[in-house]
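Contents: one structure, followed by commentary.
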Amino acid sequence: MHTTGTTVAHGQSVTGAAHDHAGHEEKSFLWTYVFSTDHKVIGIQYSITGLLFLLFGFCLMMLMRWQLAYPGSPIPFIGGLLGDARAPGGTMLPEFYNELGAMHGTIMVFLGVVPLAVGGFGNFVLPLQIGAPDMAFPRINMMSYWAYFMGGVIMLASFFVPGGAAQSGWTSYSPLAELAGSGQTMWLLGMVMLITSSLLGAINFLTTTVQLRAKGLTFWRFPFFVWAQFVTSFLLLLAFPPLEAAGVLQLMDRLAGTSFFLPSGLVVSGQVLQVSGGGNPLLWQHLFWFLAHPEVYVLILPAMGIVAEIIANNTRKPLFGYRTMVYSLIFLGFMSFVVWAHHMFMTGMGTVMSAFFQTTTMIISIPSVAILTSLIISLWGGSIRFTTPMLFALAFLPMFGIGGLTGLPLGLNVTDIPLHDTYYVIAHFHYVVAPGTIFALFAGIYYWFPKATGRMMSETLGRIHFAGSFIFMNMVFMPMFLVGLAGVSRRLYDGGASYDFAQPVLHWNRVSSYGAWALGLSQIPFIINFLWSMRHGRKVDQNPWQATTLEWAAPSPPPHGNFTTPPEVYRGPYEYSVPGRATDFYPQSERAEA
Amino acid sequence: MEIPYTVSVRQDTGLNNGKIGIWLFLASEVMLFGALFASYVLLRTGATTWPRGASILNVPMATFNTIVLITSSVTMVMAWASLARNQFGRFRLYMGATILLGGVFLTVKYFEYTAKFHHELFPRTNTFLAIYFTLTGLHMLHVIGGMAVNAWFWGPGAKLWKTNPTWFTNRVENSGLFWHFVDLVWIFLFPILYLL
Amino acid sequence: MSGHDPAEVDRHVRVYIVVFVSLMALTLVTVAVSYLHLPLPMAIAVALAIASVKGSLVACYFMHLISEKKLIIAILALTVFMFLTVLFIPTFTHMNSIELHG
Amino acid sequence: MTEWLGLPALASAHGASIDKLVGLIHIMMAVLFVGWSAFIIYALARFRKSRNPVADYRGVTSHTSTYLEIGVAVAEGVLLFGFSVPMWIQRVDKVPTASEAVVVDVTAEQFAWNIHYPGPDGKFGRTDPALIDMQTNPLGLDRKDEAAKDDIITLNQLRLPVGKPAVVRLRSKDVIHCFNLPEFRIKQDIIPGLTIPVWFKPTTTTDEMRTRLGKPDFTYEIACAQLCGLGHYKMRGFLTIDTQEGFQKWMDDEEAKLKEEGDNSGWN
Ligand code: HEA
Ligand code: HEA
Ligand code: CUA
Ligand SMILES: [Cu+2]
């Protein structure tokens with residue numbers, strides 16, 4: 001919006017500022033760690049904030065899981081603390097359940113995974129991997145973080161406004177969302193902040209990638225992770241504005257009394273709604289999904305990038321079909337803009353529209369298959385090291401496989417009839433985002449932690465963390481397929497208990513809940529590991545994994561400006577086990593001996 | 001530590017960072033107004049009745065405003081040209097004119113709005129007015145934003161001209177790109193809302 | 001616009017004047033046409049046609065797209081494609097739904 | 001063939017083909033998943049560092065994977081154009097006419113289902129929001145209207161005859177709901193401002209289903225499948241599939257009731 005308009009111009013003044021500050025590095029703590037313009041500090045700020053939001057979103061869900069396991073029975077311990085407005089006598093109200101659901105979705109997607117995968121890993125790793133001293137617009141980069149931070153604060157604050165936080169699902173369908181309380185307004189304002197943040201970030205990433213590449217680093221020498229972030233940024237740049245538009249319209253409906261999404265003649269609880277009418281509820285859905293489908297690829301592409309890096313490094317060989325993977329990636333990004341209405345199959349589509357979106361949806365699954373297949377085949381002929389990052393990266397493959405494959409029955413209009421809005425959908429996308437993306441993010445943390453801190457994380461704790469997470473993720477989500485196939489709807493306060501047809505599968509809800517809580521416990525080793533290793537982890541040199549990509553040519557942790565001497569690139573990203581060389585890795589920046 | 005290609009252009013792309021940045025930003029703006037435009041079409045084609053803009057809105061005023069914005073676009077580009085020709089004095093003049101014209105635009109809009117409110121015509125009155133106020137309002141925010149940037153370059157920001165003229169010129173060009181875009185949006189809003 | 005030597009800029013300035021005049025003219029034309037009260041489809045066609053011409057004039061000359069680097073053009077080409085997909089939203093919703101009327 | 005999926009018991013004509021497709025696609029998914037998993041596990045075992053200390057720079061050189069991807073694409077194409085698209089055409093383009101089907105209006109509201117039968121004259125009476133009364137007249141039906149006099153209105157109780165196509169015209173008073181009949185493989189969002197038809201042919205009466213499942217108190221349920229507020233989870237209705245005769249009898253009884261109500265409330 002207009003703020004971004006000004007910031008773009010300011011950003012350039014900033015690069016100036018950064019350049020003025022060039023010589024003297026003795027800045028105050030505040031300017032070094034809080035309002036820093038260094039991409040590494042910002043990346044770490046993004047990561048920590050993102051992780052904390054993930055944890056928070058998870059806690060919301062662990063609460064909900066109690067209600068789903070034991071509908072209507074008071075929540076032990078915590079229940080009393082929630083207050084009578086939310087959980088009188090410790091038993092959560094339907095309103096509160098809906099709040100938790102909507103906020104879990106919003107927080108996990110917009111405040112957890114995207115900031116961690118794009119804001120965190122993108123900011124920290126991408127400039128290093130392309131051999132840049134920093135992002136193209138450091139001050140804009142800082143603003144992007146603080147816009148995100150503001151958005152997060154607004155979202156959290158919304159829990160405490162009268163009527164509580166948004167409770168119409170993360171999809172905020174009108175009219176429901178417009179009849180909802182002031183929490184929804186907060187949600188919209190928060191989203192505007194988050195969108196602004198993502199747009200600033202995307203502009204920065206794209207400019208940085210094309211402009212600040214090291215000498216010799218052609219696009220075909222990019223690590224797959226850089227490609228992934230590049231495509232992701234385009235998705236953010238072009239898909240988010242329509243949601244911003246939708247948000248503005250819904251704000252107008254809520255604050256100025258317009259009825260963009262309200263048709264004429266609504267009667268709410270017996271009272272005729274006093275609005276001009278003439279709006280269209282489907283308009284919101286179209287604008288929302290026009291963002292939200294590309295958004296789900298924003299959630300997965302960086303994850304694929306991370307996994308590719310780690311697999312190449314731990315198989316000690318080049319990736320199979322690197323170019324195919326890149327072409328698939330670009331095609332995937334492109335297609336993700338023309339499948340949005342597969343989320344709206346049940347809104348009353350005619351045959352043309354339905355056929356169109358089914359077809360695009362089937363087409364878009366092919367590049368994913370191609371990427372996954374390449375990653376799997378890359379294992380063949382490797383000399384595989386089962387490090388903690390590798391374990392998570394390997395687990396990503398079948399987990400994403402399950403999530404992706406179950407997308408297919410949802411993508412066919414007729415098979416979507418029994419499955420739409422059931423727990424099958426919940427299971428589908430959690431397999432891609434939770435044991436999929438979250439595992440990839442864990443892998444990335446274990447992999448780049450030494451670069452960020454100069455210390456290794458504990459392998460032992462890492463393996464414990466992996467085992468627990470792997471087992472319990474599946475224990476949470478596998479049963480949901482059964483519940484969904486039995487026809488039980490999502491977003492049910494009692495998990496389906498009030499329906500006869502749901503009775504045979506209700507016990508699975510309890511299994512999922514136990515899984516979720518156990519999953520929570522198995523995160524403890526990770527948190528300990530994470531905090532402990534920062535101070536006491538084994539010290540390492542700049543290239544502990546013996547990797548080939550540029551970030552490992554910089555000191556760990558890299559100084560302000562990253563590289564001691566501007567790196568130059570001589571070869572592709574994954575030159576492992578090149579025949580006839582002493583070492584089994586051939587760094588991109590190593591000059592070929594004559 | 002210096003960010004490369006802030007001022008100079010990179011050989012293979014032939015561009016500096018700011019130029020790419022501003023165009024990417026404008027790309028996102030295209031999508032923003034594109035979505036709003038799509039919403040307008042959807043609501044209008046779905047409506048049982050839809051007033052011709054002229055029957056409610058004040059076409060002469062809007063015509064005047066169109067002329068004002070176009071003129072401001074010219075002064076803007078002239079401001080950049082003056083810098084390119086190394087005439088800082090003229091730049092001040094043209095840039096000042098651009099900002100003033102922006103002010104004129106806002107004033108006229110102010111009178112248009114108050115006139116509507118005076119006749120009990122509010123966003124909530126009907127879908128046409130809803131979309132009218134939303135689109136013009138959002139556009140107005142862009143005008144204000146553009147004016148703010150220009151004011152900065154007219155005033156304090158101009159210091160840069162002494163230390164790094166090329167850079168200053170590029171940045172004026174970029175803020176110009178934004179200003180022209182705002183003008184471009186209006187060129188479409190005008191017929192869509194007032195004439196059809 | 002990277003290299004701007006004065007001579008080149010002078011040429012630009014002359015172009016700007018021409019563009020300015022034609023924009024003014026076109027503005028008056030659209031308004032004039034609107035007073036003819038053409039049937040709506042007609043009016044829409046004319047008005048949008050003129051607006052597009054004006055728009056491209058601004059984009060090509062004031063925003064220098066006519067002589068812009070191909071990277072920028074590529075970005076905008078992609079954007080235009082996505083812009084068109086957004087415009088499909090109204091088409092989809094109205095042309096092809098199974099709603100009953102009345 | 002699809003029991004293993006655990007879908008709800010089937011009770012509609014078109015449902016069988018849907019179930020078949022669900023089964024088919026899950027088999028395809030299972031094959032892919034097992035195949036890939038087997039490959040991964042084998043590769044991990046065979047190429048672990050301890051067993052294969054030196055990696056092979058070239059890795060796989062064959063094009064098998066390409067053919068495999070093409071295979072997946074073809075399979076998806078078949079499922080799409082061989083099954084899904086034609087079946088959807090059946091669903092939305094071949095809606096039976098009023099003459100060959102039972103037509104009924106279902107108006108959803110937070111959090112209930114208002115069922116509205118046109119009665120013998122086959123005409124739906126005029127409704128008017130102004131007449132709405134939460135208790136006595138939730139639809140705002142104008143009993144003065146000729147067509148309305150014989151209209152039957154029930155709350156959360158939908159009754160349909162077996163073996164005859166039923167066309168349900170869906171409306172919503174307030175927010176988006178979703179009309180979901182699990183046993184009938186019917187699910188349709190209800191968008192306020194639109195009237196959307198769905199149709200299906202019940203194949204099993206409630207009684208038959210009771211004996212088939214051995215559950216004497218079994219009833220078909222109407223579930224709401226779209227978040228519509230705090231009562232979403234209990235927006236539950238009931239569907240009774242009766243024999244043609246039974247349905248006719250029920251209709252006549254209702255008409256009789258209406259008649260006398262009408263007499264003492266003086267509509268006629
Ligand atoms: C990261 C997120 C992500 C990803 C990648 C996907 C990927 C896909 N999604 Fe999913 N989807 C969501 C997130 C995601 N989705 C979310 C959040 C929702 C719900 C939103 C809401 O309603 O709240 C949703 C809902 C959703 C729907 C709507 C369901 C409904 O509401 O009724 C549909 C329908 O078409 C769909 C389809 C698909 C398809 C076809 C893919 C394809 O791209 C998948 C392609 C991948 C494959 C085909 C697998 C390839 C891999 C292998 C074959 C190898 C595997 C085997 C081994 C490794 C052993 N998704
Ligand atoms: C990225 C997206 C994302 C992620 C990761 C998750 C993760 C999880 N989700 Fe979520 N979910 C959604 C997005 C996501 N979800 C969305 C969009 C919806 C729909 C909402 C709606 O209906 O509108 C939904 C709905 C949803 C439901 C359905 C509710 C309903 O329909 O009523 C359930 C039910 O169990 C659920 C459960 C879980 C669980 C158990 C996890 C677990 O996998 C959580 C795993 C999390 C972790 C393992 C945390 C890791 C972080 C740390 C350990 C922090 C460490 C900190 C430091 C080191 C500082 N989710
Ligand atoms: Cu009605 Cu959910
Ligand atoms: Cu999708």
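The chains referred to below are lettered A, B, ... by the order of the sequence lines, with proteins before strands, and numbering in each begins at 1.
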If we define contacts as heavy-atom pairs under 4.5 Å, which of D:G229, D:P197, D:A130 has the most with chain A? D:G229

In terms of heavy-atom pairs under 4.5 Å with chain D, the winner among A:V414, A:L379, A:I363, A:V488 is A:V414

Determine whether A:V369 and D:W36 make a side-chain contact, defined as any pair of heavy atoms from C-beta on separated by less than 4.5 Å. yes

Is A:I417 close to D:I186 at the side-chain level, that is, under 4.5 Å between some pair of heavy atoms? no

Is any side-chain heavy atom of A:P175 closer than 4.5 Å to a side-chain heavy atom of D:D174? no

Which atom names give the shortest non-hydrogen contact between D:K187 and A:H420, and what distance separates them? NZ-O, 2.7 Å

Heavy-atom pairs under 4.5 Å with chain A are the metric here; pick the option from D:I70, D:L68, D:I40 that has the most. D:I40

I would like to know whether A:T351 and D:V85 meet side-chain contact (heavy atoms from CB on, under 4.5 Å); could you show each step before the answer? CA-CA 7 Å; A:T351 46; D:V85 173; over 6 Å; no

Pair D:Q110, A:S269 - check side-chain hydrogen bond (donor to acceptor under 3.5 Å, both in side chains), show working. CA-CA 7 Å; D:Q110 292 171 323; A:S269 53; 5.9 Å; no

If I measure from the heavy atoms of chain A, does D:I191 come under 4.5 Å with its side chain, its backbone, both, or neither? side chain

Examine whether an atom of D:I25 lies under 4.5 Å from a heavy atom of chain A, and if so say whether it belongs to the side chain, the backbone or both; otherwise answer neither. side chain

Enter the distance from D:Y233:OH to A:N98:CG here, rounded to the nearest 0.5 Å. 10.0 Å

So CD1 of D:I190 and CE of A:M346: to nearest 0.5 Å the spacing works out to 13.5 Å

Just so I understand: if I count every heavy-atom pair under 4.5 Å between each of A:D584, A:L482, A:V578 and chain D, which residue has the most? A:V578

Report the distance from atom CG of D:L7 to atom CG of A:L419, rounding to the nearest 0.5 Å. 7.5 Å

D:Y42, part contacting chain A, at a heavy-atom distance under 4.5 Å: side chain

Rounded to the nearest 0.5 angstrom, the CG-CH2 distance for A:L485 and D:W4 is 8.5 Å

Mutual orientation of the aromatic rings belonging to D:H26 and A:Y424 [parallel < 30°, tilted 30-60°, perpendicular > 60°]: perpendicular

What part of D:I196 gets within 4.5 angstrom of chain A, counting heavy atoms only: side chain, backbone, both, or neither? side chain

Largest heavy-atom contact set with chain A, pairs under 4.5 Å, which of D:P129, D:P192, D:C224, D:S65: D:P192

Could you tell me which portion of D:M87 (side chain, backbone, both or neither) has an atom closer than 4.5 angstrom to a non-hydrogen atom of chain A? both

Most heavy-atom pairs under 4.5 Å with chain A, out of D:H232, D:E221, D:R46, belong to D:E221

Which bit of A:T315 is near chain D, if near means a heavy-atom gap under 4.5 Å: side chain, backbone, both or neither? backbone

Heavy-atom cut-off 4.5 Å, strictly under: side chain, backbone, both or neither for D:E183 against chain A? side chain

Under the criterion side-chain contact (heavy atoms from CB on, under 4.5 Å), I'd like the reasoning laid out for A:V267 against D:E109: C-alpha separation, chi angles, the key distance, then a yes or no. CA-CA 9 Å; A:V267 182; D:E109 72 180 299; over 6 Å; no

Can you tell if the side chain of A:I402 reaches within under 4.5 Å of the side chain of D:F33, non-hydrogen atoms only? yes

Exam field: side chain D:N52 to backbone A:G382, donor-acceptor pair closer than 3.5 Å: yes

Could you check which of A:V268, A:L408, A:V272 has the highest count of heavy-atom pairs closer than 4.5 Å to chain D? A:L408

Could you walk me through whether D:L230 and A:Y493 pass side-chain contact (heavy atoms from CB on, under 4.5 Å), step by step? CA-CA 8 Å; D:L230 55 90; A:Y493 166 63; over 6 Å; no

Segment of D:R51 engaging chain A (4.5 angstrom heavy-atom cut-off): neither

Contacting region of D:P53 [heavy-atom separation from chain A under 4.5 Å]: backbone

Hey, mind stepping through D:L194 and A:L282 against side-chain contact (heavy atoms from CB on, under 4.5 Å) and telling me if it holds? CA-CA 10 Å; D:L194 304 180; A:L282 287 179; 4.2 Å; yes

Strictly below 4.0 Å, N to O, side chains only: are D:D56 and A:R316 in salt-bridge contact? no

Greatest number of heavy atom pairs closer than 4.5 Å to chain A - which of D:M134, D:Q188, D:R185, D:K234: D:Q188

Using a cut-off of under 4.5 Å for heavy-atom pairs, which of D:S50, D:G193, D:S84 has the most such pairs with chain A? D:S84

Evaluate the criterion side-chain hydrogen bond (donor to acceptor under 3.5 Å, both in side chains) for residue pair A:E575 and D:Y57; output intermediate values, then yes/no. CA-CA 8 Å; A:E575 290 301 293; D:Y57 179 76; 2.7 Å; yes

Stepwise, does the ring-ring contact (aromatic ring centres under 6.0 Å, His included) test hold for A:W380 with D:F39? CA-CA 9 Å; A:W380 193 270; D:F39 179 90; 5.5 Å; yes

Taking the side chain as every heavy atom from C-beta outward, state whether A:I366 and D:E76 have any pair of such atoms under 4.5 Å apart. yes

How long is the gap from CG on A:D416 to CH2 on D:W88, to the nearest 0.5 Å? 8.5 Å

Let's test your reading of the structure: which of A:Y576, A:Y574, A:F501, A:Y499 forms the most heavy-atom pairs below 4.5 Å with chain D? A:Y499

State, yes or no, whether a side-chain contact exists between A:P409 and D:M29 at a heavy-atom distance under 4.5 Å. yes

Is it the side chain or the backbone of D:N180 that comes within 4.5 Å of chain A heavy atoms, both, or neither? side chain

For D:F81, which atoms come within 4.5 Å of any heavy atom of chain A: side chain, backbone, both, or neither? side chain

Whatever's closer than 4.5 Å to a heavy atom in chain A on D:I222 counts as backbone

Chain A contact via D:V54 - side chain, backbone, both or neither, heavy atoms under 4.5 Å: backbone

